[in-house]
Amino acid sequence: MTKFFVGLNFSNNGLLSRKIMGFRKRFDPKYTHYSFAHMSLLAPFDVDERDIADLAETLKEEIETFYYGKLQTPKLEFTGVGVYEYKRRNLIYLNPHYGTELQFCSDMIVDICMSHLSRSSRYKENKKQFLPLGVFNNEQDLFSVLEHARLEFNHQSSLPVESISLYENKLGIWVEKEVLVRFEENQAHLLHLKAMAL
């Protein structure tokens with residue numbers, strides 16, 4: 001069995017992306033483990049080897065069909081920071097707020113992934129998905145960094161979704177197995193249409 005998750009990848013060009021990277025570089029001890037901005041749509045899940053190709057193909061087909069003909073890059077909004085506690089560690093995160101379209105797409109992705117779940121797997125669903133800003137082992141560090149996070153991310157903002165990818169765990173490291181859909185081509189197509197109209 002192999003572990004997977006599906007995640008939204010965000011553009012690194014916008015102001016919010018640069019703020020997130022700058023914040024994580026200064027405060028997150030695990031910054032070097034994953035320096036790109038992404039957010040998982042569901043908890044990691046196990047898939048049998050023989051079902052991996054079908055999972056990737058089904059996800060790709062359904063997501064491409066869902067976004068076919070839609071020229072605008074989707075954006076995910078965020079509404080402040082929160083703290084999630086697990087295994088004596090504290091994770092500071094940005095709280096996402098899905099629009100209707102992105103929520104529908106996310107629900108579809110989760111349903112597909114659950115239909116490919118290994119029968120022997122004991123899947124534990126996450127109650128909440130979020131964009132991590134840093135993991136802290138002691139409360140003193142947490143409270144110090146939390147104040148900085150609240151000051152830096154106190155306004156509602158959004159990130160453009162650059163792509164949606166399937167990630168695979170290989171020897172404890174998450175690697176991008178396949179890009180399921182990329183949105184920058186849609187932007188280029190939109191610019192092309194505008195140029196033709198002039």
J.: Does the pair Cys113 and Leu42 meet the rule for a side chain to side chain contact (heavy atoms under 4.5 Å, CB included), with working shown?
T.: CA-CA 9 Å; Cys113 293; Leu42 71 165; 3.7 Å; yes
J.: Working to the nearest 0.5 Å, report the span between CG of Leu41 and SG of Cys105.
T.: 7.5 Å
J.: Got a sec, which pairs hit salt bridge (charged side-chain N to carboxylate O under 4.0 Å, His left out) with one end in residues 10-22, sequence neighbours left out?
T.: none
J.: Do Met1 and Phe4 share a hydrophobic cluster (ILVMFWY, side-chain heavy atoms under 4.5 Å, transitive)?
T.: no
J.: Is it true that the side chains of Asn9 and Ser165 contain a donor and an acceptor less than 3.5 Å apart?
T.: yes
J.: Quick check on the hydrophobic clustering: are Tyr167 and Val179 connected, directly or via other members, by side-chain heavy-atom contacts under 4.5 Å?
T.: no
J.: Given 3.5 Å as the limit, does a donor-acceptor pair link the side chain of Ser17 with the main chain of Asn13, or not?
T.: no
J.: Considering all heavy atoms of both residues, which atom of Leu76 and which atom of Pro96 are nearest to each other, and what is their separation?
T.: CD2-CB, 4.0 Å
J.: Could you tell me whether the side chain of Val81 reaches within less than 4.5 Å of the side chain of Asn95, counting heavy atoms only?
T.: no
J.: Roughly how far, to the nearest 0.5 Å, is the CD1 atom of Ile20 from the CG atom of Leu133?
T.: 6.5 Å
J.: Verify the distance criterion only: is there a donor paired with an acceptor across the side chains of Thr79 and Gln156 at less than 3.5 Å?
T.: no
J.: Quick check: Phe153 with Phe23 (ring centres under 6.0 Å apart)?
T.: yes
J.: Report yes if the side chains of Glu57 and Glu61 come closer than 4.5 Å at any heavy-atom pair, otherwise no.
T.: yes
J.: Go through the steps for Leu159 and Leu131 under the test side chain to side chain contact (heavy atoms under 4.5 Å, CB included), then give the verdict.
T.: CA-CA 11 Å; Leu159 280 174; Leu131 181 65; 4.0 Å; yes
J.: Applying side chain to side chain contact (heavy atoms under 4.5 Å, CB included), can you list everything that pairs with Glu178, at least two apart in sequence or on another chain?
T.: Ala56, Lys60
J.: Only pairs at least two apart or in different chains count here, so list each salt bridge (charged side-chain N to carboxylate O under 4.0 Å, His left out) that has a residue in residues 115-125.
T.: none
J.: Verify salt bridge (Lys or Arg N to Asp or Glu O under 4.0 Å) between Glu152 and Arg26, making sure each step is shown before the conclusion.
T.: CA-CA 13 Å; Glu152 288 190 41; Arg26 282 179 289 147; 2.8 Å; yes
J.: Measure centre to centre between the rings of Phe27 and His148, then say whether the value is under 6.0 Å.
T.: yes
J.: Can you tell me how far the CG atom of Leu16 sits from the NE2 atom of His155, to the nearest 0.5 Å?
T.: 12.0 Å
J.: Say you draw a straight line from OG of Ser157 to CG of Leu94; how long is it, rounded to the nearest 0.5 Å?
T.: 6.5 Å
J.: If you compare all heavy atoms of Phe183 against all heavy atoms of Val161, which two are closest, and at what distance to 0.1 Å?
T.: CD1-O, 3.3 Å
J.: Can you give the donor-acceptor pairs under 3.5 Å from side chains of residues 44-51 to other protein atoms, not counting sequence neighbours?
T.:
from  : atom 1 : to     : atom 2 : distance (Å)
Asp46 : OD1    : Lys3   : NZ     : 3.2
Asp46 : OD2    : Ser121 : OG     : 3.3
Asp48 : OD1    : Ser118 : OG     : 3.2
Glu49 : OE2    : Thr2   : OG1    : 2.6

J.: Is the shortest heavy-atom distance from the side chain of Ile164 to the side chain of Arg182 under 4.5 Å?
T.: no
J.: Going from CG on Asn12 to CD on Glu162, what distance comes out if it is rounded to the nearest 0.5 angstrom?
T.: 7.0 Å
J.: Would a distance-only check, ignoring hydrogens and angles, find a side-chain to backbone donor-acceptor pair under 3.5 Å from Asn126 to Gln129?
T.: no
J.: Applying side chain to side chain contact (heavy atoms under 4.5 Å, CB included), name anything that partners Pro160, two or more places apart in sequence or on another chain.
T.: Ser11, Thr73, Lys75
J.: Should Leu146 and Ile92 be marked as a side chain to side chain contact (heavy atoms under 4.5 Å, CB included) after you check the CA-CA gap, both sets of side-chain angles, and the distance that decides it?
T.: CA-CA 7 Å; Leu146 189 55; Ile92 297 177; 4.2 Å; yes
J.: Pick from Val181, Leu180, Asp54: which one makes a side-chain contact (heavy atoms from CB on, under 4.5 Å) with Leu59?
T.: Leu180
J.: When you measure from the side chain of Ser115 to the backbone of Ile112, do you find a donor-acceptor pair of N or O atoms at a distance under 3.5 Å?
T.: yes
J.: Hey, could you give me each pair passing ring pair (Phe, Tyr, Trp, His ring centres under 6.0 Å) that has a residue in residues 88-108? Not counting sequence neighbours.
T.: Phe66-Phe104, Tyr93-Phe130
J.: Rounded to the nearest 0.5 Å, how far does CZ of Phe136 lie from CG of Asn90?
T.: 9.0 Å
J.: Considering only heavy atoms from C-beta outward, does the side chain of His116 approach that of Thr58 to under 4.5 Å?
T.: yes
